[in-house]
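What follows is a short report on a single structure.
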Amino acid sequence: MKINTLKYIFIIAVLSIGPLLVYGQGNMNLSYDAPAEKWVEALPVGNGSLGTMVFGGVEEERLQFNEETLWAGQPHDYSHKGAGEHLAEIRRLLSEGKQREAQDLATRAFMSVPLKQVPYQPFGDLRIKFKDHQNYTNYKRRLDLTKAASTVTYQVDGVHYKREVIASYPDQVLAVHLTAGKAKSLSFAIWMDALHEDQKVVSTGAGQTLKVQVKDGALRGVATFKIKTNGKLSRAGNRLEVANASWATIYLSAATNFIDYNNVSGDPEAVVARVLAKVEGVKYKKVRKKHVRDYQLLYDRFEIDFGDNGRSETTTDKRIYDFWKAPNDPQLVALYVQYARYLLLASSRPGTKPATLQGIWNDKLKPPWFSSYTTNINLEMNYWPVEMANLSECHEPLFSLIRDLSQTGKSVAKEHYNAEGWIAHHNIDIWRGAAPVNASNHGIWLGAGAWLSTHIWEHYLFSLDRDFLREHYPLMRDAAIFYSQFLYIDPSTGYLISSPSNSPEIGGLVAGPTMDHQLIRALFRIIITSSKILGEDEVLASSLKEMLPRIAPNKIGQHGQLQEWMEDKDDPDNHHRHVSHLWAVHPGNEINWEETPELMKAAQQSLEYRGDNGTGWSLAWKINFWSRFRDGDRAYQLLHRLLSPAEEPERKIRGGSYPNLFDAHPPFQIDGNFGGAAGILEMLIQSHLGKIELLSALPSALPQGRISGVCARGGFELNFTWEDSTLTSVEVLSKKGGKCTLVYQDTSIEFDTKSGERYQFDGMLKEK
Ligand code: FUC
């Protein structure tokens with residue numbers, strides 16, 4: 001058959017079955033046909049600690065960069081000495097229904113000192129101004145998720161210009177590489193500036209150094225860039241100039257004097273000099289190669305493919321708009337998952353700090369919510385996809401934060417609750433402040449120690465790494481010891497309850513919010529199981545076992561809802577963004593269709609009452625909930641909202657996506673990116689009940705697909721495919737051996753596995 005005839009048959013096929021979904025991941029790029037005007041149009045790159053937003057301007061490029069340790073403030077213990085003397089009185093007031101008095105007393109005597117924590121800071125801007133670049137054509141700006149590289153290309157007077165920005169983890173630098181298609185046609189001025197009042201820029205030979213001092217704080221930052229070029233380099237005032245080049249490479253390094261939450265004796269000049277000395281003589285090509293290799297070792301472990309109906313060639317901002325109008329761009333859904341993986345790799349690598357509310361990207365001295373770590377949903381949500389999406393290592397920064405909190409949270413446990421162990425409240429900054437902040441009506445929330453601890457356990461469940469469990473068990477144990485001493489006998493019901501606390505961020509200070517009890521039970525069960533695995537702490541484990549049934553249970557209320565509080569007082573018309581009492585449905589598993597169907601029904605009813613609106617992270621959580629309720633189409637409706645344009649005036653909904661696919665709370669908050677990706681994976685695979693369930697919440701909008709390298713609890717990695725909404729094949733890699741149970745619809749099989757072996761099945765779960 002001639003090629004032309006083949007082409008003809010292909011076109012007929014496309015026309016007769018509608019938009020053709022073609023296997024293949026499609027292009028994993030974010031792409032645009034104009035420079036970014038706003039920050040939420042710029043593209044993020046990062047190596048875990050050092051990051052930049054690339055605006056991609058033609059006449060002037062702006063790289064707004066951050067280094068994750070530049071924060072306001074200084075080492076500080078936020079605990080309130082003697083707060084614990086008022087604990088009994090606050091509890092008494094709450095048990096007598098005197099909420100206002102309890103909150104007033106807590107405001108006076110129980111809150112952190114000072115009342116507020118401190119913000120993450122921007123570092124500076126690298127600016128590049130090009131000569132005679134007013135009139136340009138063929139502009140393209142993109143972020144290639146497969147290589148972690150942002151590129152800008154365009155033409156001026158027939159000359160092709162290209163600019164690429166990467167953030168290398170192995171070399172710890174930002175690198176900008178500029179080329180022109182014709183000799184001697186690249187000329188630009190380059191310099192740095194910053195928002196900080198106290199700053200200084202010094203040009204030195206082929207580079208420049210920016211020094212910033214944070215206002216009222218102990219941290220100072222040093223950023224240096226160095227240029228290599230085949231053009232002429234000169235100095236003009238505060239700028240460097242490159243003339244008549246065909247290429248130039250800029251390496252930028254930034255550091256602060258932060259060592260840890262208790263130590264600011266670092267030497268940023270020395271760090272920056274050391275980093276730059278290592279790359280100075282090295283060609284961009286080599287730095288890039290090392291960066292891509294390092295990145296792909298992690299990125300390439302996982303693929304997701306829902307087919308591509310051709311829309312992946314459209315610019316990303318347009319795709320988000322189109323998705324709002326008609327959500328039939330399955331490749332965008334896959335791109336959203338890979339973008340979350342990209343963002344994790346860019347903001348959370350072993351040895352770095354965890355991703356904040358904004359990852360590592362912040363351009364404001366006073367960022368929203370301080371761009372810090374909010375633990376009543378946001379910080380944990382950042383890490384929901386990490387295990388399933390095969391980026392287990394990227395979980396490590398969270399464990400290191402927990403290690404810090406197990407120290408700073410000790411004095412809070414002692415001073416505020418007269419208890420041993422450690423506790424943290426709803427917000428944490430770089431100084432690892434663990435005391436209750438901001439206001440007594442929502443700052444006193446007691447779930448953080450338990451929720452964070454479950455991440456250690458989840459990492460173990462996915463990896464079955466006993467050494468990891470042994471090493472991190474004491475952190476979870478000390479959190480559990482805190483709760484075992486903190487729980488209080490409710491005078492009216494006799495149950496053990498968490499008091500004072502708050503159901504995030506609704507209803508003020510209360511005795512016994514449902515969420516806390518779910519969290520504490522989850523932690524106690526984890527300790528009971530881990531102590532068995534490790535052969536440790538039998539006495540503690542048996543005392544926690546004895547406490548478990550005494551903790552106030554989940555209850556169904558008058559509206560058929562899962563009660564958010566001890567009292568049956570939920571308001572079915574309350575559409576608050578938080579739905580914390582459903583924690584036991586997701587990410588917890590205490591409430592599920594098999595063991596507790598009545599509670600599951602009540603939880604679903606509560607979610608119905610809350611409705612489908614919400615801020616970005618709230619939409620993302622709801623995707624996960626509906627997936628656990630096994631309603632894929634409803635989950636997809638929430639995804640539709642999350643993937644719609646946040647700034648579209650006609651939309652009355654708050655949460656959504658910005659043109660750069662950053663999640664909009666609004667404003668920008670990265671949690672929704674991660675939570676949304678986790679929700680998409682929950683549609684496809686769930687393993688929270690001791691077995692692996694496939695496609696149990698598959699939306700009809702994703703009728704075909706292929707996923708590989710997705711991880712499940714029990715140390716398994718899976719590849720599977722489906723067509724016409726029906727499973728067609730499954731491959732299981734067992735990493736640690738042991739029993740594996742696979743479930744698809746009404747079929748289930750259980751088989752023994754050997755470590756390192758692969759097992760293949762067809763769509764009926766029959767062994768191949
Ligand atoms: C919690 C949420 C807000 C916001 C903030 C950072 O307090 O209730 O919506 O996400 O964290």
Side-chain angles (χ1 to χ4, degrees), residues 40 71-72 111-112 115-120 343 347 353-362 364 366-384 398 401 424-430 433-448 451-452 501-510 513 515-516 519 564 574-583 587 607 610-625 638 641-642 646 653-658 662-676 678-679:
V40 288
W71 286 63
M111 304 305 287
S112 80
L115 191 57
K116 299 238 180 230
Q117 294 174 352
V118 295
Y120 178 40
L343 291 171
S347 64
K353 308 281 159 274
T356 72
L357 289 167
Q358 300 185 182
I360 50 171
W361 301 278
N362 164 39
K364 294 186 173 62
K366 290 184 182 161
W369 294 284
F370 292 179
S371 185
S372 63
Y373 303 101
T374 308
T375 57
N376 63 17
I377 173 65
N378 320 80
L379 174 61
E380 291 88 349
M381 184 178 276
N382 284 356
Y383 289 88
W384 285 355
L398 187 67
L401 174 135
H425 292 80
H426 95 297
N427 225 85
I428 293 159
D429 61 10
I430 200 164
V437 293
N438 298 354
S440 63
N441 67 353
H442 69 273
I444 305 175
W445 168 68
L446 271 293
W451 197 344
L452 289 168
S501 191
N502 167 249
S503 190
E505 296 167 10
I506 318 178
L509 193 65
V510 296
M515 178 197 220
D516 283 14
L519 281 163
E564 185 159 0
N574 186 341
H575 305 302
H576 199 282
R577 60 194 180 283
H578 283 272
V579 207
S580 309
H581 51 312
L582 268 57
W583 189 90
L607 193 57
R610 277 297 211 270
D612 284 355
N613 272 344
T615 55
W617 63 255
S618 174
L619 297 175
W621 202 351
K622 289 171 184 173
I623 299 172
N624 288 274
F625 286 138
L638 272 304
R641 286 168 190 245
L642 186 63
I653 298 163
R654 300 190 63 202
S657 294
Y658 290 113
F662 266 170
D663 161 55
H665 179 285
F668 162 51
Q669 237 173 66
I670 208 161
D671 39 25
N673 285 100
F674 296 131

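By convention here, the first residue in the shown sequence is residue 1. Side chains included, hydrogens not; waters and symmetry mates left out as well; all remaining heavy atoms used. Counting convention: from 1, in listed order, for ligands and their atoms alike.
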Can you tell me the protein heavy atom closest to atom 4 (C) of ligand 1 and the distance?
H665 NE2, 3.5 Å

Any N/O of N376 closer than 3.5 Å to an N/O of ligand 1?
no

Derivation of the side chain to side chain contact (heavy atoms under 4.5 Å, CB included) call for W617 and H578
CA-CA 9 Å; W617 63 255; H578 283 272; 3.4 Å; yes

Could an N or O of ligand 1 be found under 3.5 Å from any N or O of R577, whether backbone or side chain?
yes

N/O of H578 under 3.5 Å from N/O of ligand 1, yes or no?
yes

Closer than 3.5 angstrom, by distance alone: can the side chain of T374 be matched with the main-chain N or O of N376 as a donor-acceptor pair?
no

So, is T615 polar-close to ligand 1, with some N/O to N/O distance under 3.5 Å?
no

From the options F370, Y373, W369, W617, select the one whose nearest heavy atom is closest to atom 6 (C) of ligand 1.
W369

Evaluate the criterion side chain to side chain contact (heavy atoms under 4.5 Å, CB included) for residue pair D663 and F674; output intermediate values, then yes/no.
CA-CA 9 Å; D663 161 55; F674 296 131; over 6 Å; no

Per-atom filter on ligand 1: closer than 4.0 angstrom to a heavy atom of L357 are 6 (C)

Given side chain to side chain contact (heavy atoms under 4.5 Å, CB included), test W369 with N427 step by step and report yes or no.
CA-CA 9 Å; W369 294 284; N427 225 85; 5.9 Å; no

I need the nearest protein heavy-atom contact for atom 1 (C) of ligand 1: residue, atom name and distance, please.
E505 OE2, 2.9 Å

Report yes or no: do S580 and S503 form a side-chain donor-acceptor pair below 3.5 Å?
no

Judged by atom type as modelled, is there a donor-acceptor pair below 3.5 Å linking the side chain of N382 to the main-chain atoms of P354?
no

Is there a side chain to side chain contact (heavy atoms under 4.5 Å, CB included) between L446 and L519 once you walk through the steps?
CA-CA 10 Å; L446 271 293; L519 281 163; over 6 Å; no

Distance-only N or O hit between ligand 1 and N378, under 3.5 Å:
yes

